[in-house]
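As a basis for the values below, the full set of heavy atoms in this structure was taken, side chains included, without hydrogen atoms, waters or symmetry mates.
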Amino acid sequence: MAQLIDGKQIASEIREELRNKIEAWKAQGNRAPQLTAILIGADAASATYVSNKMKAAADVGIESKTERYDTDITEEELLARIDQLNNDDAVDGILIQLPIPRHIDERKICNSVSCDKDVDGFNERNIGRLCLDMNTLIPCTPLGVQELIKRAGIETFGKNAVVVGRSKNVGMPIAMLLHADGRNDTCAMDATVTICHRFTPPEELKRFCRLADIIVTATGVPGLITADMVKEGATIIDKCERLLVISRPFLGALDR
């Protein structure tokens, strides 16, 4: 039967480890880490996403604060506030919840966040360091995928991996972490990686996936990868369903 990686259990283990580290840090006389999130507008999905991040931070002992702004905030006002946070020694992490209003240059905003406080890893210098396999802040979803694969004991060295989706904050960094040299700073996974996306013909997507030992689908499209596209014994990570499947052998679990 297909076997499921218990993502909730692994997340619980990671939180416990972080909780212990922060408690030890504070016991040495240090203050708790502090995260500030900026949320613009009233998008319900964004508000829920930020709320969940703040709850997770509180759970491990990180102090957090959400600053809310109306959609009419100007680019200059937002940049000025980010500059204040960059220069505030009491703030360790800054999170700008995307998307932001169209009249504001998203790339300029992401680049304005100090590299050392850029918890999303969206500053182009952090992205460049990731691509060079250097120590940096890595976007959370790709880092989570890497951690889940490693903690589940999935062999990646020399394996064929397919990443479906090429977004700059999920698909691309996942591909980087899968293929880069495990001896370097990002502790990457030494796989041979193929990236597929919306312009990959369906028959080619199926062909690539059938050759893969590991498939990571990060498109947000339910049912995109079906059982006939997966070889026996392959590992599937489905970001859309938040479900990780190990197949030994794979018996049509994706069609359930």
Side-chain angles (χ1 to χ4, degrees), residues 11 14-15 17-40 46 49-69 73 75-100 104-147 150 167-170 172-177 180-188:
I14 293 171
R15 288 191 182 187
E17 292 167 10
L18 290 173
R19 194 177 298 115
N20 292 336
K21 287 181 180 180
I22 291 172
E23 288 177 356
W25 170 256
K26 291 169 63 178
Q28 296 173 4
N30 301 298
R31 62 172 176 79
Q34 201 279 342
L35 170 66
T36 295
I38 291 180
L39 178 62
I40 303 172
S46 291
Y49 198 43
V50 169
S51 176
N52 288 338
K53 291 177 181 179
M54 299 302 103
K55 289 177 182 177
D59 182 53
V60 299
I62 296 174
E63 295 182 357
S64 63
K65 176 183 178 183
T66 301
E67 298 186 359
R68 299 173 182 268
Y69 298 94
I73 186 174
E75 182 175 280
E76 291 73 21
E77 290 171 333
L78 182 55
L79 287 169
R81 181 54 185 150
I82 293 171
D83 185 61
Q84 290 175 342
L85 295 172
N86 284 338
N87 290 290
D88 186 345
D89 291 337
V91 175
D92 301 294
I94 302 170
L95 187 157
I96 312 298
Q97 180 61 35
L98 303 180
I100 54 179
I104 299 175
D105 186 327
E106 182 178 293
R107 175 45 45 204
K108 183 184 293 186
I109 296 303
C110 290
N111 286 341
S112 72
V113 178
S114 168
C115 286
D116 293 333
K117 300 184 179 186
D118 174 31
V119 295
D120 270 333
F122 289 167
N123 185 300
E124 63 187 22
R125 285 176 288 177
N126 280 335
I127 296 171
R129 291 179 66 85
L130 172 62
C131 292
L132 291 172
D133 204 12
M134 299 169 66
N135 184 41
T136 188
L137 291 172
I138 300 172
C140 59
T141 299
L143 187 60
V145 168
Q146 181 190 42
E147 192 71 12
K150 289 189 172 186
S167 65
K168 298 302 181 286
N169 60 339
V170 180
M172 183 276 288
I174 286 174
M176 296 301 301
L177 291 173
D181 195 328
R183 298 172 298 181
N184 294 330
D185 290 343
T186 58
C187 300

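Atom CG of D59 sits about 11.0 Å away from atom OG of S64, to the nearest 0.5 Å. The CD1 atom of I127 lies 12.0 Å from the CD1 atom of I138; values are rounded to the nearest 0.5 Å. Rounded to the nearest 0.5 Å, atoms CG (L143) and CG (L137) are 9.5 Å apart. Here L132 contributes atom CG and D185 contributes atom CG; the two are 10.5 Å apart, rounded to the nearest 0.5 Å. Taking CD1 of I40 as the start and CD of E67 as the end, the distance is 10.5 Å to the nearest 0.5 Å.
No donor-acceptor distance shorter than 3.5 angstrom exists from the side chain of E63 to the backbone of R31, with no hydrogens or angles considered. Of the possible polar contacts, one joining the N123 side chain to the N111 backbone as a donor-acceptor pair under 3.5 Å is found.
By the side chain to side chain contact (heavy atoms under 4.5 Å, CB included) test, I82 pairs with I38, L78, N86, I96, I109, S112, V113, sequence neighbours left out. A search for side chain to side chain donor-acceptor pair (under 3.5 Å) contacts involving T136 returns N126, not counting sequence neighbours. By the side chain to side chain donor-acceptor pair (under 3.5 Å) test, S46 is found to be paired with D43, residues two or more places apart in sequence or in another chain being considered. Remark: D88 pairs with A90, V91 by the side chain to side chain contact (heavy atoms under 4.5 Å, CB included) rule, at least two apart or across chains. With sequence neighbours left out, Q34 forms a side chain to side chain donor-acceptor pair (under 3.5 Å) with T36.
G93 and V119 get closest at one heavy-atom pair: CA-CG1, 3.7 Å. The two residues P33 and G61 come nearest to each other via the heavy atoms CD-O, 4.4 Å. Looking at every heavy atom in both residues, N87 comes nearest to D83 through ND2-O, 2.7 Å. The two residues D92 and A32 have their closest heavy-atom pair at OD2-O, 4.2 Å.
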Determine all donor-acceptor pairs shorter than 3.5 Å in which one atom belongs to a side chain in residues 50-57; sequence neighbours excluded.
unit_1 : atom_1 : unit_2 : atom_2 : d
N52    : ND2    : T48    : O      : 3.4
K53    : NZ     : Q97    : OE1    : 3.4

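Considering only heavy atoms from C-beta on, I104 comes within 4.5 Å of I73 through its side chain. Using a 4.5 Å cut-off on side-chain heavy atoms (C-beta onward), M172 and C131 make contact. Looking at P142 and L130, their side chains never come closer than 4.5 Å, going by heavy atoms from C-beta outward. The shortest distance between side-chain heavy atoms of Y69 and R81 falls below 4.5 Å. In this structure the side chain of I94 never reaches within 4.5 angstrom of the side chain of S114, judged on heavy atoms.
Crowding of K150 atom NZ: a count of heavy atoms from other residues, nucleotides or ligands under 6.0 Å exceeding 12.
Applying the salt bridge (Lys or Arg N to Asp or Glu O under 4.0 Å) test to residues at least two apart or on different chains, the pairs with a partner in residues 129-147 are E147-R151. Residue pairs meeting the salt bridge (Lys or Arg N to Asp or Glu O under 4.0 Å) criterion with at least one partner in residues 113-128, sequence neighbours excluded, do not occur; the list is empty. Residue pairs meeting the salt bridge (Lys or Arg N to Asp or Glu O under 4.0 Å) criterion with at least one member in residues 104-114, sequence neighbours excluded: E75-K108. For residues 21-30, the set of pairs meeting the side-chain hydrogen bond (donor to acceptor under 3.5 Å, both in side chains) definition, not counting sequence neighbours, is empty.
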Could you walk me through whether L177 and T186 pass the side chain to side chain contact (heavy atoms under 4.5 Å, CB included) test, one step at a time?
CA-CA 7 Å; L177 291 173; T186 58; 4.0 Å; yes
